[in-house]
Amino acid sequence: MINPIEQELREHEAIQKRMVAVAKRMLESKRQLQQEIRDDIQKPDVQAAINELKKRNAERTEKGV
C-alpha cells in the first residue's frame, strides 16, 4: 500500500508532466503562428496595407509637429 506522501508525490509528478506537455504544445503553436505572420507579411496585399498605415502615421506625425 502506498502511503499518502508517496501518493501525493506521484500525483504532483503527473501534474508536472502534464504541465510540461501543455507548455511544449503552446510553444509549438506560438512558433507556427509566428511563421504564419511572417508569411502573411510577405504577401503583396498585406504589405500594401502596412505601407498605407505607415504613410498615414507619418502624415499624422508631421501634422502634430
Side-chain angles (χ1 to χ4, degrees):
M1 184 167 165
I2 301 173
N3 71 38
I5 293 174
E6 289 175 343
Q7 180 64 29
E8 189 172 331
L9 181 59
R10 288 182 183 182
E11 290 172 3
H12 181 71
E13 289 173 350
I15 290 170
Q16 283 183 321
K17 286 180 183 179
R18 287 195 303 270
M19 290 172 66
V20 168
V22 168
K24 285 180 181 179
R25 286 195 308 270
M26 289 174 66
L27 284 172
E28 183 55 32
S29 294
K30 178 183 174 187
R31 286 185 196 105
Q32 289 174 352
L33 182 57
Q34 288 173 328
Q35 185 59 48
E36 288 178 25
I37 290 169
R38 283 191 291 271
D39 293 345
D40 285 346
I41 287 176
Q42 300 304 317
K43 294 179 181 177
D45 55 330
V46 174
Q47 194 62 46
I50 291 170
N51 290 336
E52 178 63 26
L53 290 172
K54 285 179 181 179
K55 179 183 169 188
R56 289 182 193 176
N57 188 41
E59 289 172 354
R60 275 193 231 137
T61 303
E62 290 173 3
K63 288 180 183 177
V65 174

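Small disclaimer: the values here were computed from a predicted structure and weren't measured.
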- [ ] Under the side-chain hydrogen bond (donor to acceptor under 3.5 Å, both in side chains) rule, collect the residues that match up with E52, sequence neighbours excluded.
- [x] R56
TODO: Tell me, please, which residues at least two apart from Q34 pass side chain to side chain contact (heavy atoms under 4.5 Å, CB included).
DONE: K30, R38
Task: Non-neighbouring partners of E28 that pass side chain to side chain contact (heavy atoms under 4.5 Å, CB included), sequence neighbours left out - done: R31, Q32
Task: ILVMFWY cluster membership beyond I15 - transitive side-chain contacts under 4.5 angstrom - done: M19
Task: By side-chain hydrogen bond (donor to acceptor under 3.5 Å, both in side chains) - contacts of D39 (at least two apart) - done: Q35
Task: For E8, all residues meeting side-chain hydrogen bond (donor to acceptor under 3.5 Å, both in side chains), sequence neighbours excluded - done: none
Open item on the list: Side-chain heavy atoms under 4.5 Å apart, restricted to Ile/Leu/Val/Met/Phe/Trp/Tyr: what other residues fall into the cluster of L27, or is it alone?
Closed with: none
Open item on the list: Are there over 12 heavy-atom neighbours, none belonging to L53, within less than 6.0 Å of that residue's CG?
Closed with: yes
Open item on the list: Among residues at least two apart in sequence or on other chains, which ones pass side-chain hydrogen bond (donor to acceptor under 3.5 Å, both in side chains) with K43?
Closed with: D40
Task: Inter- and intrachain pairs under side-chain hydrogen bond (donor to acceptor under 3.5 Å, both in side chains), touching residues 12-22, at least two apart - done: H12-Q16
TODO: Kindly write out the residues that satisfy side chain to side chain contact (heavy atoms under 4.5 Å, CB included) with V22, not counting sequence neighbours, or none if the list is empty.
DONE: R25, M26
- [ ] Could you pull out all residues at least two apart from I41 that satisfy side chain to side chain contact (heavy atoms under 4.5 Å, CB included)?
- [x] I37, Q47, I50
Task: Sequence-distant partners of K55, salt bridge (charged side-chain N to carboxylate O under 4.0 Å, His left out), two or more places apart - done: none
